[in-house]
Undergrad: 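Handing you this structure, nothing more for now.
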Amino acid sequence: MRRLIDDGFQAFNAARLGEACRIFSDKMLLPEHDTTIGLTVAGALTPAGLGGCVVELMERGLIDFVISTGANLYHDLHYALNFTLHRGSPFVNDVELYEQGVIRIYDVLFPASVLLETDTYIREFLARWGVDGPVSTAELHYALGRDLIERQPGCQEYSVVAAAADLGVPIYTSSPGDSSIGMNIAFHELMNGSGLMIDPNKDVNEVCSFILAGKKNGCVILGGGSPKNFYLQGQPTLWEVYGIPKGGNDFFIQITTDSVVWGGLSGATPAEAVSWGKVNPGVLPDTVVAYCDSTIAFPLFCEYAVGSEYGRRPRKDLMHKRDEYVASLRQEAIAARPEHTVPTKREAGPSGERPR
C-alpha cells in the first residue's frame, strides 16, 4: 500500500491523498508530538461499511475521539444488532421499494424492519439506563456501547459505538436531534416522562478540554458538515470565549467532495481556517484537502497508517479523563478571565446597541 500511494499516486487528488497519508503517518503519529487526534465523520459512511476502518484506528490508538453525525452512529447499531445491509443499485424503482418496505441509501438497501427493530432496541436501552438528567453525547454513546457489548458479546469487533465504549474513545454528535437516536430520545421524554436531556454545553466543554490538554492537536475530517465545524470551533472557543490562546490546530487533513467555491463550511480550506484561529498559521504545510470520495480514499488512508512505522500508539482513554480535563479547562479559563472586559450597560449606545 505504501509503495502504491508513494510511487503511484503522483498528481492531482491522488497526490493530495498521498500527502494526507504522509502527514498523518510520518508527522501526526510521531511519538514526540503526542498529537491528540479527532476524527470527524459526515456522510453515510457506516452504511457503506467504513465502520471497520474506524474501529481499527481506535483499537490502535490512532484516533483519540470522534465527532459524527447521529445518522452514522444510528446505522452503526444495525451491525451491532446483527442486522444485514445489502448491496444494491442507485437506479432501482423507489416506488417499488416503498411498496415492498425496503429502505435505500444510494446503493445500500435494507428492509424497513431494520429501522423499526433498531428503534425498539434504543427505546428499551433508554428505559434500562434510567438516567433522568442532562448528559453529554459521549456519556450517552458510552452507555449505549456498554449495553450493546453486554447484550451482543463480540459486537465491538464491527461496531464503532461498541468498540469506542470498550476502548475508552468518546464519541460526540454535533446535532443529536438530527438522527433516529435523537428521535427515540424525544419519544422517551414524551411518552415515558423522562428527564433525560442531551446537554450540548457538556459536549462543547469536553471537546475543548481535550484540545487544551493536547500537546499538539490534529484532525482527520471525512466529508465536512456539522461534525467538521464542531471540532474546529474548539480552538476559537478557547481563545475567543475563554481567553486561552491555544494557537490553532497543528495538523489538518480533510477528505471531501465539497468545493470551496460554494462558500460553505464543508468546503472551507485550512488556509481560511487560519483567519479564525482554527489552524496554526505556521503549519499550513502540514495541512491538506484531498478531493476524493471517502468510501474510496479513507480505506486506503487507513491501510497506509496501519502499515506505517507508528501504526500503533498507547490509547489516551479520554472517555475516562473528561472530568479531569474539564476541571483544568475551568481553572485556566478563570485565570484568563481578567484579561477580558465584559461590556456594561453604560457602554451601550443610545439605541441600546454596543458601540463597534
Side-chain angles (χ1 to χ4, degrees), residues 38 41 46 58 65-81 83 114-153 155-156 159-210 226-227 230-231 233-234 237 241 317-331 333:
V41 185
T46 57
M58 291 192 297
F65 63 98
V66 177
I67 301 170
S68 172
T69 59
N72 271 307
L73 305 180
Y74 174 74
H75 292 301
D76 173 78
L77 301 182
H78 306 331
Y79 297 95
L81 297 171
F83 297 133
V114 169
L115 300 181
L116 299 177
E117 292 184 47
T118 303
D119 290 347
T120 297
Y121 164 74
I122 295 171
R123 292 195 295 271
E124 291 176 349
F125 154 72
L126 293 171
R128 283 193 299 271
W129 192 27
V131 171
D132 200 45
V135 297
S136 70
T137 56
E139 292 176 83
L140 169 70
H141 298 139
Y142 178 77
L144 187 60
R146 298 307 305 175
D147 190 81
L148 287 168
I149 293 170
E150 180 181 343
R151 294 177 178 276
Q152 302 285 338
C155 68
Q156 62 268 38
S159 163
V160 173
V161 174
D166 189 47
L167 300 170
V169 177
I171 299 181
Y172 297 90
T173 185
S174 45
S175 48
D178 187 22
S179 77
S180 294
I181 295 177
M183 289 152 52
N184 284 289
I185 293 173
F187 173 97
H188 188 51
E189 177 187 11
L190 184 67
M191 304 303 290
N192 298 335
S194 171
L196 173 65
M197 295 289 292
I198 301 299
D199 186 348
N201 297 336
K202 287 179 175 287
D203 285 11
V204 170
N205 285 327
E206 288 177 15
V207 170
C208 285
S209 76
F210 299 156
S226 181
F230 197 81
Y231 173 81
Q233 74 176 10
T237 302
V241 178
D317 193 27
L318 295 181
M319 185 64 210
H320 300 108
K321 297 176 181 177
R322 293 171 302 122
D323 291 344
E324 171 192 345
Y325 286 170
V326 170
S328 296
L329 169 63
R330 177 177 172 80
Q331 289 177 350

Undergrad: Might you point out which heavy atoms bring I181 and G70 nearest each other, and give the distance in Å?
TA: CD1-O, 4.3 Å
Undergrad: Could you tell me whether R128 atom CZ has more than 12 heavy atoms of other residues or ligands within 6.0 Å of it?
TA: yes
Undergrad: Any non-hydrogen side-chain atom of L140 less than 4.5 Å from a side-chain atom of I198?
TA: yes
Undergrad: Check whether T46 reaches the backbone of N72 with its side chain - one donor and one acceptor, N or O, closer than 3.5 Å.
TA: yes
Undergrad: As an exercise, state the distance from CZ of F210 to CG of L329, rounded to the nearest 0.5 Å.
TA: 11.0 Å
Undergrad: Between OH of Y121 and CG of L148, what distance do you get to the nearest 0.5 Å?
TA: 3.5 Å
Undergrad: Under the side chain to side chain contact (heavy atoms under 4.5 Å, CB included) criterion, do Y172 and V207 qualify, and how do the steps go?
TA: CA-CA 9 Å; Y172 297 90; V207 170; 3.9 Å; yes
Undergrad: Under the side chain to side chain contact (heavy atoms under 4.5 Å, CB included) criterion, do D203 and I67 qualify, and how do the steps go?
TA: CA-CA 10 Å; D203 285 11; I67 301 170; over 6 Å; no
Undergrad: Go through I171 and F65 one step at a time and tell me if the side chain to side chain contact (heavy atoms under 4.5 Å, CB included) criterion holds.
TA: CA-CA 6 Å; I171 299 181; F65 63 98; over 6 Å; no
Undergrad: Looking only at heavy atoms, what is the nearest atom pair of S179 and A71, with distance?
TA: CB-N, 3.6 Å
Undergrad: Which atom names give the shortest non-hydrogen contact between A138 and E206, and what distance separates them?
TA: CB-OE1, 3.9 Å
Undergrad: Could you check whether D317 pairs with K321 (Lys NZ or Arg NE/NH1/NH2 to Asp/Glu carboxylate O, under 4.0 Å)?
TA: no
Undergrad: Once rounded to the nearest 0.5 Å, what's the spacing between atom CG of L77 and atom CD of E117?
TA: 13.0 Å
Undergrad: Looking only at heavy atoms, what is the nearest atom pair of M58 and V160, with distance?
TA: CE-O, 3.6 Å
Undergrad: To the closest 0.5 Å, what do you measure between NZ (K202) and CD (E139)?
TA: 5.5 Å
Undergrad: About how many Å separate CD of E124 and CG of D147, when rounded to the nearest 0.5 Å?
TA: 10.0 Å
Undergrad: Please confirm whether the backbone N or O of S136 pairs with a side-chain atom of D199, one donor and one acceptor, at under 3.5 Å?
TA: no
Undergrad: Just by distance, no angles: are the side chains of D119 and Y74 close enough, under 3.5 Å, to form a donor-acceptor pair?
TA: yes
Undergrad: Which residues pass the ring pair (Phe, Tyr, Trp, His ring centres under 6.0 Å) test with Y79, not counting sequence neighbours?
TA: none
Undergrad: Is a donor from one side chain sitting under 3.5 angstrom from an acceptor on the other, for Y142 and H320?
TA: yes
Undergrad: Output yes when a side-chain donor or acceptor of S175 lies under 3.5 Å from a complementary backbone atom of D178, and no otherwise.
TA: no
Undergrad: Taking all non-hydrogen atoms of both residues, which atom of V41 and which atom of P227 are closest, and how far apart?
TA: O-CG, 3.5 Å
Undergrad: Can you tell me how far apart CG (L73) and OG (S68) are? Round to the nearest 0.5 Å.
TA: 4.0 Å
Undergrad: Might you point out which heavy atoms bring V135 and V131 nearest each other, and give the distance in Å?
TA: CG1-CG1, 3.7 Å
